[in-house]
Amino acid sequence: MNFTLLVTVIVTGITLVAAAYIIAKLIGPRSYAKVKGEPYESGIPTRGSSWIPIHVGYYLFAILFLMFDVETVFLYPWAVVVKQFGAAALLSIGFFLVVLVFGLAYAWRKGALEWK
């Protein structure tokens, strides 16, 4: 029974994605102008090559932001059920926040939060 449900969900997902792709290709607007292939930033034409190396610090900062942002989202379900679970919920979120603070301290010590 569970296998049938799993196959049904996977087939339905694949079908919906394929249908959305086909419908977008059929009715979506098309533009083959030369300007369409050019890089675009704030309406200002680029000068030189747009394939320049970007400092890895930007990516690292973005990944750290996403990591802490997603971890903060986990606080909402905890806040909803904290009265039901009492001290166990408080201990579990305390441990979660300690791990989060250690992660921040590690990133800070490694210099991941400094702009160089």
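Both backbone and side-chain heavy atoms feed into the values below; hydrogens, waters and symmetry mates do not.
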Hits for side-chain contact (heavy atoms from CB on, under 4.5 Å) against Val81, two or more places apart or cross-chain, chain-then-number order -> Gln84, Phe85

Can you give me every donor-acceptor pair (side chain of residues 7-17, partner residue at least two apart or in another chain, under 3.5 Å) with its distance?
from	atom 1	to	atom 2	distance (Å)
Thr8	OG1	Thr4	O	2.7
Thr12	OG1	Thr8	O	2.7
Thr15	OG1	Val11	O	2.7

Taking side-chain contact (heavy atoms from CB on, under 4.5 Å) as the definition, give me every residue that meets it alongside Tyr58, ordered by chain and number, with sequence neighbours left out. Ile54, His55, Trp115

Quick one: name the residues clustered hydrophobically with Tyr106, using the 4.5 Å side-chain heavy-atom rule over I, L, V, M, F, W, Y, and just say none if it's on its own. none

Find out if a path of hydrophobic residues (ILVMFWY) with successive side-chain heavy-atom gaps under 4.5 Å connects Leu75 to Leu104. yes

List the residues meeting side-chain contact (heavy atoms from CB on, under 4.5 Å) with Val82, not counting sequence neighbours, and say none if there are none. Trp78, Ala89

If Ile, Leu, Val, Met, Phe, Trp and Tyr residues are connected whenever their side-chain heavy atoms lie under 4.5 Å apart, and connections chain through other members, are Trp108 and Tyr59 in the same group? yes

Phe74-Tyr76 co-clustered via ILVMFWY side chain contacts under 4.5 Å: no

For Leu100, all residues meeting side-chain contact (heavy atoms from CB on, under 4.5 Å), sequence neighbours excluded: Phe68, Glu71, Leu97

